[in-house]
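What follows is one structure encoded as structure tokens, with my remarks underneath.
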Amino acid sequence: MEAAIMTGHDLQAGTVTGVRSVRNPVTLARHVMHHSDFVMMSGEGAEEFASRQGLPLEPDEYFFSQLRHDQWQRALKRDQVTLDHSDDKKFGTVGAVALDSQGNLAAATSTGGLTNKKYGRIGDSPVIGAGTYANNATCAVSCTGYGEYFLRALVAHDISSLMEYKGLTLQQACDAVVQHKLVEMGAEGGLIAVDKTGMPVLSFNSDGMYRGWVRKGEEPSVAMFK
Ligand code: ASP
């Protein structure tokens, strides 16, 4: 599992990668942010830190899901590395972005990564600026999609930079990156983002992206497809 969290008022961040027993990876990422001198921790070291922080750890069986196991078996047979959401059921990476009543933005992402990933592969989710980013001056972003492209395009930071340096709105920045740049690279995916006015943008170039949003004084909404 991999996870990241970032707070926009102080540009603090914590991320973990290659962990397998931590019940709540974003909570571990938050502990890395608040209770260590580091930003990123991996594997056994990250698990040792989790246990020293008193976070709940679980045996492998706790994480077993028949659906995801079957998906992995199919990918294994085809010798493919796939996006979990390119299969029939779309449960996988989870992201959250928020603006609080003090005007502070934050983003978090949690993932099991690509189905049938190998060799200690690390995706975009735990890489600050690629799959996760927050900055009170611009926006908070959490991405989902084929991580190798999101890593190379530094998607989350790119959106923030387009707002900061080019003066684009969040919608314009998301359109430029998700609907143009990523499409030209051949990358499937999307992101959820919110700007400092609380305007949410949920942008994707895939068929669907499970998403929900709520604004002050409004009923919560959810959507799956375009
Ligand atoms: N972005 C994730 C990764 O490449 C996968 C996903 O979003 O489903 O690890």
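What's counted below: heavy atoms across the whole structure, side chains too, no hydrogens, waters or symmetry copies. One-based numbering, in listed order, for ligands and for the atoms of each.
Counting heavy-atom neighbours within 6.0 Å of Glu44 CD, excluding the residue itself, gives a total of 12 or less. Applying the 6.0 Å contact sphere to CZ of Arg215 captures more than 12 heavy atoms from other residues, nucleotides or ligands.
Near Asp124, meaning under 4.0 Å from one of its heavy atoms, ligand 1 places the atoms 1 (N), 2 (C), 3 (C), 4 (O). Set against the non-hydrogen atoms of Thr144, the atoms of ligand 1 under 4.0 Å away are 6 (C), 7 (O), 8 (O). Close contacts of ligand 1 with Thr93, meaning ligand atoms under 4.0 Å from a residue heavy atom, involve 5 (C), 6 (C), 7 (O), 8 (O).
Taking only nitrogen or oxygen atoms, main chain and side chain alike, Glu148 does not reach within less than 3.5 Å of ligand 1. At a 3.5 angstrom cut-off on N or O pairs, Thr111 does not count as close to ligand 1. Between Gly145 and ligand 1, a contact under 3.5 Å exists for at least one N or O pair. Looking at ligand 1, you won't find any N or O of Gly113 less than 3.5 Å from one of its N or O atoms. Between Arg121 and ligand 1, an N or O atom pair is found at a separation short of 3.5 Å.
Side-chain contact between Ile128 and Thr15 is present, with at least one heavy-atom pair separated by less than 4.5 Å.
Remark: Arg52 engages Glu48 in a salt bridge, criterion side-chain N to carboxylate O under 4.0 Å.
Here His69 and Phe64 bring their ring centres to under 6.0 angstrom of each other.
Counted by atom type alone, Thr138 and Glu164 present zero donor-acceptor pairs between their side chains at under 3.5 Å.
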